[in-house]
Amino acid sequence: LKKRQDTSTPAVPYQQVEYLVNIAVAGQKLNLDFDTGSADLWVFSDSLPASSKKGHNIYTPSSSPSYKVLSGHKWSIAYADGSGASGTVGTDTVTIGGTSVTNQAVELADRISSSFVTDGLDGLLGLSFSSINTVKPTQQKTWFDNAKASLSSPLFAAYLPFNANGAYDFGYLDSAHYSGTPVYAPVDDTNGFWEVASTSYKVGGTTHSLPGNTGILDTGTTLALMVDSAVSAYYAQVSGAVNSRSLGGWVFPCKGTTLPDLSVRLGPTNYATIPGKLLNFQPADASGTQCYGGLQSVGGGTMNVYGDVFFNAFYGIFDANGPRFGFAPL
Ligand SMILES: CC1CCN(C(=N)N)CC1
Ligand SMILES: CC1CCN(C(=N)N)CC1
């Protein structure tokens with residue numbers, strides 16, 4: 001599992017960090033971005049223009065004897081950072097680790113936005129609930145939905161340590177990837193996400209309530225994105241922090257800043273504490289004077305997004321039995 005900084009300049013001003021997983025689609029190796037915030041498995045295909053294919057592994061259905069066209073089916077997806085892709089659909093055998101799924105819907109991109117060309121990924125593998133898969137006229141299932149009956153347990157876990165290679169464990173928990181005992185929160189899959197109640201948070205020794213708020217556990221988002229009241233309360237504890245329009249979010253002086261921890265409530269009981277040191281994402285400008293925070297605003301609404309910054313601190317357990325989300329410190 002390779003951690004990559006892609007060089008894309010998506011709508012959001014920070015580089016999309018991706019943890020790419022090398023998988024086989026009918027024996028053709030591809031590096032896919034495993035995304036628990038979406039439900040489409042799509043790949044760079046030979047129907048893309050030559051300029052888009054440069055530097056990528058391309059899936060060529062014509063050289064796969066097991067590929068079948070899903071005639072008349074289309075897909076189209078747009079992501080929160082303004083990137084997007086679309087194309088046609090077929091089925092093939094998709095193998096991850098030791099598990100093969102035959103007749104898995106594989107969505108072939110014949111159009112992709114520029115940020116994907118410069119990314120290190122050769123496509124995405126959606127791991128949210130299949131209810132938000134974009135294939136029409138017949139919605140398709142995620143690889144995990146198709147695989148879970150043949151796994152020893154219907155679960156997968158994300159191990160995404162900071163600045164290191166990570167892993168996705170399918171069907172079992174790898175005790176080498178976490179410490180202590182996992183705690184669990186019930187998941188509400190109404191919106192198709194691994195969504196849990198997230199009704200309070202703690203920063204600087206104060207507990208703040210977030211009535212009616214939820215959080216989605218999203219490996220496809222780089223940062224932690226919370227509602228404005230929480231982001232303001234957090235950076236109020238950081239001297240010199242400003243919400244910079246020009247730099248596209250909350251920044252603070254790189255020198256001399258010790259960021260506070262952020263504890264977010266997941267489910268009815270437990271808090272997950274993200275250490276402050278994981279909340280310094282990267283220098284915001286070439287001079288390296290200002291640093292860009294790992295906590296940024298989600299914009300409006302009451303749905304917070306706990307992205308890779310969360311998984312840099314916690315092993316994330318996505319359990320279809322429930323469904324429920326479990327976590328334990330790395
Ligand atoms: C709610 C949004 C979170 C980011 N997304 C994603 N990881 N694919 C899109 C949905
Ligand atoms: C969830 C996806 C958002 C878009 N991505 C990107 N621009 N590299 C990939 C992950």
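The figures here come from the full heavy-atom set of this structure, side chains too, leaving out hydrogens, waters and symmetry mates. This structure is a prediction, so every number in the text was calculated from the model and none was measured. When a ligand or atom number is given, it counts from 1 through the structure's own listing order.
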Side chain to side chain donor-acceptor pair (under 3.5 Å) against T302, all qualifying residues, sequence neighbours excluded: none
Nearest-contact summary for atom 7 (N) of ligand 1 - protein heavy atom, Å: D218 OD2, 2.7 Å
D35 heavy atom under 4.0 Å from ligand 1: yes
Report yes or no: do Y79 and S115 form a side-chain donor-acceptor pair below 3.5 Å? no
What I want to check is whether the side chains of D285 and Q290 have a donor and an acceptor closer together than 3.5 Å. no
Going by the order shown, which atoms of ligand 2 are within less than 4.0 Å of some heavy atom of S83? 4 (C), 7 (N)
One finds that the ligand 1 atoms under 4.0 Å from a non-hydrogen atom of M303 are 1 (C)
Would you say the side chains of D145 and S130 form a donor-acceptor pair under 3.5 Å? yes
Do S66 and S64 have side-chain N/O donor and acceptor atoms under 3.5 Å apart? yes
For ligand 2, is there an atom lying under 4.0 Å from some heavy atom of S115? yes
Residue, atom name and distance, where the atom is the protein heavy atom closest to atom 9 (C) of ligand 1: G37 O, 3.9 Å
For ligand 2, which atoms, with element, lie under 4.0 Å from some heavy atom of D33? 9 (C), 10 (C)
What do you reckon, does D81 have a nitrogen or oxygen under 3.5 Å from a nitrogen or oxygen of ligand 2? yes
Report yes or no: do D169 and Y315 form a side-chain donor-acceptor pair below 3.5 Å? yes
Rounded to the nearest 0.5 angstrom, the CD1-OG distance for I77 and S86 is 10.5 Å
Any nitrogen or oxygen of Y79, side chain or backbone, less than 3.5 Å from one on ligand 1? no
Just jot down the ligand 1 atoms closer than 4.0 angstrom to any heavy atom of F193, in number order. 1 (C), 10 (C)
Which atoms of ligand 2 are found less than 4.0 Å from any heavy atom of D119? 6 (C), 7 (N), 8 (N)
Here the atoms of ligand 1 under 4.0 Å from any heavy atom belonging to S38 are 8 (N)
Which atoms of ligand 2 are found less than 4.0 Å from any heavy atom of G220? 1 (C), 10 (C)
Side-chain H-bond candidate by donor/acceptor type, Y201 with N213, under 3.5 Å: no
Check: A176 main-chain N/O paired with D174 side-chain donor or acceptor under 3.5 Å: yes
For T221, the ligand 1 atoms with a heavy-atom partner under 4.0 Å come out as 4 (C), 7 (N)
